[in-house]
Each structure stands twice: as structure tokens, then as C-alpha cells.
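Nothing fancy with the numbering, it's 1 onward along the sequence.
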Amino acid sequence: MPIHESVSTIFSRHLSSLPKFPRISSKYKQQAIKQAQQAVTDYLHQTKSIPFTYADYISRYSLYNLFNLISSADVPYKTSESNFSSSIIRFLRYHPINEFEFFFESIGIHYSEVSKFLPANKFFFSDDRNVLNAAQALSDFGFPWNMLGRLYKEEVSIFSKSYEDITSRLFGFRNDYGFGTFTVIGVCLSFPHVLLVEDDELLDDLKRVFLDFDLVCYADENVDSWYEICKKIRLFYDWGCEKGKLGDLVGENKRIFVDHSEGVLAQKVDYLCRFGVRKVDVALLLLKCPEILSFDLETQVISVEGFLRHFGLSAKEMKLISEKYPYILGRNKMANLPHVMRAANLQDWFFDKIKNGNHQLLGNYALSNPAEDFNQEFGDGLEKIKSSRRCLHTMNKLAFLHGIGYGENALTMKVLSRLHGSSSKLQGRFDCLLYCGIEFWKLCRMIRLNPKFMSQDPEIIEQKD
């Protein structure tokens with residue numbers, strides 16, 4: 001979600017999802033909400049003595065609470081009437097709002113979650129001014145009001161700090177580490193704990209990246225840009241990288257955090273972890289070999305034999321693999337490669353190859369010709385499936401087999417014909433057996449030898465374990 005939004009943008013995004021007001025035509029809904037917003041702003045500012053800027057923030061970003069207020073007030077709205085806002089204010093005199101409900105929604109906590117954060121037996125800021133004071137300190141420094149909920153949800157203790165303590169802490173980041181205002185905000189939104197405790201190792205890493213390696217030159221000078229960069233850096237710590245030792249490695253590969261989205265980073269880590277590798281090992285690999293982030297690891301079609309030869313398997317080694325694990329042969333998708341390797345017990349060998357300087361082989365592989373490794377018996381079986389009445393059901397089961405490493409070969413078709421259950425149930429049973437301690441490649445061989453054992457429900461499998 002964009003951090004800085006106009007009122008009209010917020011209205012246009014949410015209005016269609018709101019129910020109709022009891023006595024207000026839908027075509028006047030936007031005007032009614034705007035006037036109710038102004039009424040709440042005036043109420044908080046004039047009646048409750050909240051500074052106008054913060055009163056405006058609270059009303060502007062509390063669309064669902066505004067809707068509930070209008071519905072409760074049940075005031076009619078007509079274009080000829082100019083007293084709708086006044087009617088809302090009169091209603092508030094006798095029916096005061098729960099100010100914390102409006103506040104928590106306004107700082108970005110979804111309306112459906114607000115009730116979890118409401119303080120017991122407190123309705124007005126006069127009952128507990130700390131939360132509002134903390135929000136004011138953060139806002140005055142430059143934090144977007146409607147993003148403060150991220151801090152609240154992760155480190156609620158921040159909002160028990162005084163205005164002075166928070167301000168001192170924020171300016172300390174600027175003075176002690178040389179961070180700019182937008183950088184400080186991005187760091188705090190991504191690592192909220194730094195507002196509460198000293199974390200010199202983390203901050204030294206970030207200083208090394210931002211200033212010594214000059215990431216500042218690659219970031220736009222706004223909150224959005226710095227928040228996105230800091231969130232991506234945090235991913236690597238969440239994946240297990242050690243604080244205090246990441247600064248140089250991140251700094252030397254700073255383009256990763258500018259050129260690639262959070263989603264791409266997470267997708268590549270998830271893919272490589274499917275080889276049975278720890279997240280921290282994958283994270284360090286991506287920092288050392290950032291080219292992997294640009295590889296297509298999803299849609300490309302591979303010949304399993306051709307791919308293994310591409311990575312250096314000899315003819316003798318390939319013969320042994322094909323005899324022991326014939327079900328992996330034929331074609332498959334690059335997306336299924338991790339489980340192809342695990343189905344042949346080659347995952348450690350393969351990841352070591354990538355880690356030890358051969359990662360480019362993953363990106364420059366291609367079929368030698370359009371007909372390479374095409375299996376006619378598999379192709380004929382596929383055509384029969386496509387013309388059958390249970391095409392979708394059977395194709396989903398086939399996708400399950402490909403997903404666990406079975407290739408496009410005649411053996412896969414034979415196993416498919418004896419495999420019972422939906423693809424989701426088969427996947428559940430497979431995962432259950434893995435959880436029970438059966439190695440991936442052994443389980444794939446068991447399916448080849450006796451596909452019917454996969455008909456058992458996970459509960460029965462667990463009882464037998």
C-alpha cells in the first residue's frame with residue numbers, strides 16, 4: 001500500500017466494499033463520509049483538545065469507524081442540506097466515540113483486528129495519553145501516521161515511551177550513525193526493536209551498507225524507498241544471517257536491494273530451500289551469487305538426463321542414476337527440479353555444485369533440440385487423459401507426480417494409473433510420510449513399487465509410525 005495517500009484515493013479503494021447507509025443514497029456516500037470526517041476532526045480538536053493535525057489524521061484514516069458512526073447516527077443526507085456535519089457533531093455530544101478504536105484504525109491496524117489492541121476500560125485519550133504522545137513524537141519526526149500500526153503490532157512498548165525519549169532516540173540515529181531522516185524511518189519501521197534496545201551490531205551493519213558502500217546513492221529520498229530497502233535487508237536476518245557480519249556482504253551486492261522485489265527474494269529462497277537446504281545457506285548463496293535472482297526457475301522445460309550431463313555427470317554415473325531412479329527420467333519443469341534432485345538423492349551434490357561456483361550452469365541450460373528426451377509412450381498417455389471425462393482430476397494427479405520428481409516417462413504413466421485419491425490428498429499423505437521420517441528418495445521409490453500404499457489417510461499412517 002502506498003504510504004502517502006490522498007483522501008480521495010482511500011475513499012475510492014474502500015467505498016465499494018462498504019454497505020449502504022440506512023438513510024443516505026449511495027451516490028452521496030463519499031460526500032457523507034467526507035463531512036463525517038470533518039465532524040470527527042472538529043470534535044477531537046475542539047472538544048477533546050487534540051492538536052488539529054493529529055485529529056485530522058485520526059479521522060482521515062478511520063474509514064470503517066466513520067461508516068459505523070454514520071450508521072449509528074442515522075442522519076439523512078441531501079445535497080441541499082449543509083448541516084450534515086453539524087448533525088454528526090451533535091450526535092457525538094451525547095454518544096462519544098471510543099477514541100482508541102479510531103486511533104488504532106488510523107495508524108494502519110485493520111478494522112477487523114482493532115478489538116485485539118483496545119485497552120481495557122479505557123475509551124478516551126484522557127484515560128491514557130501515552131499512546132497518542134508516542135504517535136505524535138513519531139509523526140513529528142516524519143513517520144507516516146497510517147504506518148505507525150506496524151510499530152505498534154511488533155513492539156507495543158514503543159507506545160509507552162515519552163515524547164522526549166522517542167525523539168531523543170530518533171535523533172540519536174542521525175547524530176551517532178549519520179543516517180538521514182528517511183533512512184532512520186525505514187530502519188525503525190523494518191526493525192522496530194531499535195527504538196527500545198541497543199543493537200549496535202545491526203546498526204553497524206546498516207551504516208556499513210548505507211554510508212560506506214554508498215547505498216544512499218541508489219535509494220530515492222523518500223520513506224517508501226527506504227522502507228522497501230530495509231525490509232529486504234531484514235529478510236536476510238530473518239533467514240538466519242548473523243548480525244555484525246553481514247555489512248560487507250550486503251554492501252558489495254547492494255544492487256540486490258534496489259533491483260529485486262521482496263517477493264522475488266522470497267521466491268528464490270523458497271525454491272532453493274526445496275533442495276533440503278537451510279535458509280541461511282540459501283541467503284548467503286544469493287548474496288555471493290546474485291545472478292541467480294535473474295534466472296527463470298519456473299517455466300523452463302528441462303530434459304533431466306540432459307540437465308544432469310550439463311552439470312557434469314559422466315555417462316557411467318548417468319547409467320547408474322537411470323537404473324536406480326528411472327522414474328525421474330524424461331522431461332520436467334525447472335520448477336520441479338529441487339524435488340527431481342531429492343527423488344534421486346542428488347540434492348546435496350547439486351547444491352554443492354551451485355555453491356562452489358557453478359551457479360551459472362543453472363541459468364544457461366537449454367534443451368539441445370525441441371525433440372530432446374521426448375517419450376512417445378508418455379505423450380500417447382497424455383493425449384488419452386486429455387480426452388477422458390476425468391481429465392482435470394487425472395492431470396492434477398500427474399502434476400503431483402511431476403512435483404515430487406517423476407518425469408515424463410512410461411513408468412510415470414503406469415504409476416499414475418494405480419494411484420488413487422485427489423492431488424491434494426496425495427500431497428497430504430506424501431508430506432505426512434516425510435514427517436514420519438521416510439527419506440524423500442525412498443518414498444518416491446516406494447510409490448513406484450506399490451502406488452496403492454498412498455491410498456492410506458495421514459491419520460492411519462501416523463498410527464502405524
Between S139 and Q136 (side chain of the first, backbone of the second, donor and acceptor by atom type, cut-off under 3.5 Å), is there such a pair?
no

Looking only at the side chains, is there a donor atom on one of T181 and R174 sitting less than 3.5 Å from an acceptor on the other?
yes

Heavy atoms of F213 and E252 approach each other most closely as CE2-CG, 3.7 Å

Answer with yes or no whether the side chains of S162 and D165 bring together a donor and an acceptor at under 3.5 Å. yes

Q) Side chains of Y163 and D140: is there a donor and an acceptor less than 3.5 Å apart? A) yes

Assign the ring pair Y111 / Y64 to parallel, tilted or perpendicular, where the plane angle (0 to 90°) is split at 30° and 60°.
parallel

Can you confirm whether or not the ring centre of Y61 sits under 6.0 Å from the ring centre of F102? no

Query raised in the report: Using 4.0 Å as the upper bound for N to carboxylate O, is an ion pair formed by D204 and R208?
Result: no

* **Cationic N near anionic O, under 4.0 Å, K153 to E113** => yes

Review point. Between N68 and S71, do the side chains contain an N or O donor and an N or O acceptor separated by less than 3.5 Å?
Key: no

Counting the benzene-type ring for Trp, do F236 and F257 have ring centres under 6.0 Å apart? yes

Q. Are side-chain N/O atoms of T41 and S59 paired as donor and acceptor at under 3.5 Å?
A. yes

*May I ask you to say whether D352 pairs ionically with K355, meaning some side-chain N is under 4.0 Å from a carboxylate O?*
yes

Scanning both residues in full, the closest heavy-atom pair of L398 with L416 reads N-CD1, 3.8 Å

**Asked** Any chance the side chains of N336 and N332 put a donor and an acceptor closer than 3.5 Å?
**Response** yes

Heavy atoms of I256 and L286 approach each other most closely as CD1-O, 3.6 Å

Q.
For F179 and F210, take the angle between the two ring planes, folded into 0 to 90°, and tell me which bin it lands in: parallel under 30, tilted 30 to 60, perpendicular over 60.
A. perpendicular

Centroid-to-centroid, F159 to F117, below 6.0 Å?
no

query: Do L297 and L337 touch side chain to side chain, with heavy atoms closer than 4.5 Å?
result: no

Ring centroids only, cut at 6.0 angstrom: are H95 and F91 within range, meaning strictly under it? yes

- Below 6.0 angstrom between ring centroids: does that apply to F171 and F141? yes

Query raised in the report: Hey, do the aromatic rings of F104 and Y152 have their centres closer than 6.0 Å?
Result: yes

Centre-to-centre under 6.0 Å for F350 and F275, is that the case here? yes

